[in-house]
Every structure is written in structure tokens, then in C-alpha cells.
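Data block below; observations after.
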Amino acid sequence: MKIIHIIDSGVLYGDEVMMLNLVAEKINLGIRTTIASIGGKNIADKPLEKEALKREFKVKKFRIISGPNLLGALKIIRFAQEEAYDLLH
């Protein structure tokens, strides 16, 4: 099974730590997991991305226009389809 976790966060607080721990447990269970990190076009590496990479998790960065963004959503969905993810979370 392949799962992609989609998040737009510029911090590393409770929700983000919980997601990192969830990803770690899924990896321990043999579930292939990727974090899809959304951010604005001029955003550098986010704290969540840095921590995920430090833990050697797979991270896919999506830099898209802020706000409601159908094209950005389609970009994420297309990536998930091309990479054959079973679940978007």
C-alpha cells in the first residue's frame, strides 16, 4: 500500500509532529508513505520538510499559488495517480 499525506504547514508543532510519528509507524509496518508539502511559490524549505528529511522520510514539495487553487490540486492528484498511491490523506 502507498499513502501520501498532504499538508500545508509553515510550523513544526503538535499536528505536524503527530503526522511525522504517524508516518514513522506506517513505515515500520511496511507501508510506503510520502509527505506532500504544499507551500507558496517563493517559500523555501519548511520546518516540517526539514524534519521529515532529517528522519529520511520521502517528501514531495508542491509550490503553488496560495488560496483556492484548482490547478494546484490537480497537480497533486496527477502526481498521486502517476506514482500509484492508494490513499490520499
Side-chain angles (χ1 to χ4, degrees):
M1 175 175 272
K2 286 179 73 175
I3 299 174
I4 187 165
H5 289 271
I6 304 168
I7 187 166
D8 181 1
S9 175
V11 297
L12 188 58
Y13 296 140
D15 290 344
E16 296 79 15
V17 171
M18 185 270 317
M19 188 185 73
L20 290 169
N21 292 335
L22 180 63
V23 168
E25 289 303 316
K26 287 180 180 176
I27 291 170
N28 288 338
L29 293 171
I31 299 170
R32 292 177 289 169
T33 307
T34 299
I35 296 171
S37 180
I38 301 170
K41 291 219 177 241
N42 296 323
I43 301 290
D45 290 342
K46 295 179 162 195
L48 172 69
E49 297 166 354
K50 291 177 185 177
E51 182 62 27
L53 292 171
K54 186 170 27 170
R55 296 184 188 199
E56 300 182 353
F57 296 163
K58 186 174 178 187
V59 176
K60 173 66 176 167
K61 299 174 190 175
F62 290 93
R63 298 302 190 245
I64 59 177
I65 297 170
S66 297
N69 185 334
L70 183 59
L71 291 177
L74 290 173
K75 186 185 269 189
I76 295 167
I77 292 168
R78 191 172 303 121
F79 171 78
Q81 289 174 331
E82 289 170 359
E83 298 293 320
Y85 283 93
D86 300 301
L87 180 67
L88 283 69
H89 182 256

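The chain is numbered in sequence order, starting from 1.
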(message) Membership question, hydrophobic clusters at under 4.5 Å side-chain separation (ILVMFWY): are Ile76 and Tyr85 in the same one?
(response) yes
(message) Grouping I, L, V, M, F, W and Y whenever their side-chain heavy atoms are under 4.5 Å apart, do Ile31 and Leu87 come out in a common cluster?
(response) yes
(request) Kindly say whether Leu48 contributes a backbone atom to a donor-acceptor pair with the side chain of Glu51 at under 3.5 angstrom? (result) no
Taking the side chain as every heavy atom from C-beta outward, state whether [X] and [Y] have any atom pair closer than 4.5 Å.
X: Ile64; Y: Ile38; value: yes
X: Ile3; Y: Lys26; value: yes
X: Arg32; Y: Met1; value: no
X: Lys61; Y: Ile35; value: no
X: Thr33; Y: His5; value: yes

For [X] against [Y], the heavy-atom pair lying closest together:
X: Gly40; Y: Ser66; value: CA-OG, 4.3 Å
X: Arg63; Y: Ile43; value: NE-O, 3.2 Å
X: Phe57; Y: Val23; value: CD1-CG1, 3.8 Å

(message) Using a 6.0 Å distance limit plus a 45 degree cone around the ring axis, check whether Lys60 lies over the aromatic ring of Phe79.
(response) yes
Report the distance from atom [atom1] of [X] to atom [atom2] of [Y], rounding to the nearest 0.5 Å.
X: Ile77; Y: Lys75; atom1: CD1; atom2: NZ; answer: 13.0 Å
X: Lys58; Y: Ile27; atom1: NZ; atom2: CD1; answer: 11.0 Å
X: Glu16; Y: Met19; atom1: CD; atom2: CE; answer: 7.5 Å
X: Leu74; Y: Asn69; atom1: CG; atom2: CG; answer: 9.0 Å
X: Asp15; Y: Ile7; atom1: CG; atom2: CD1; answer: 7.0 Å

(message) Between the side chains of Lys46 and Asp8, is the shortest nitrogen-to-carboxylate-oxygen separation below 4.0 Å, so that they form an ion pair?
(response) yes
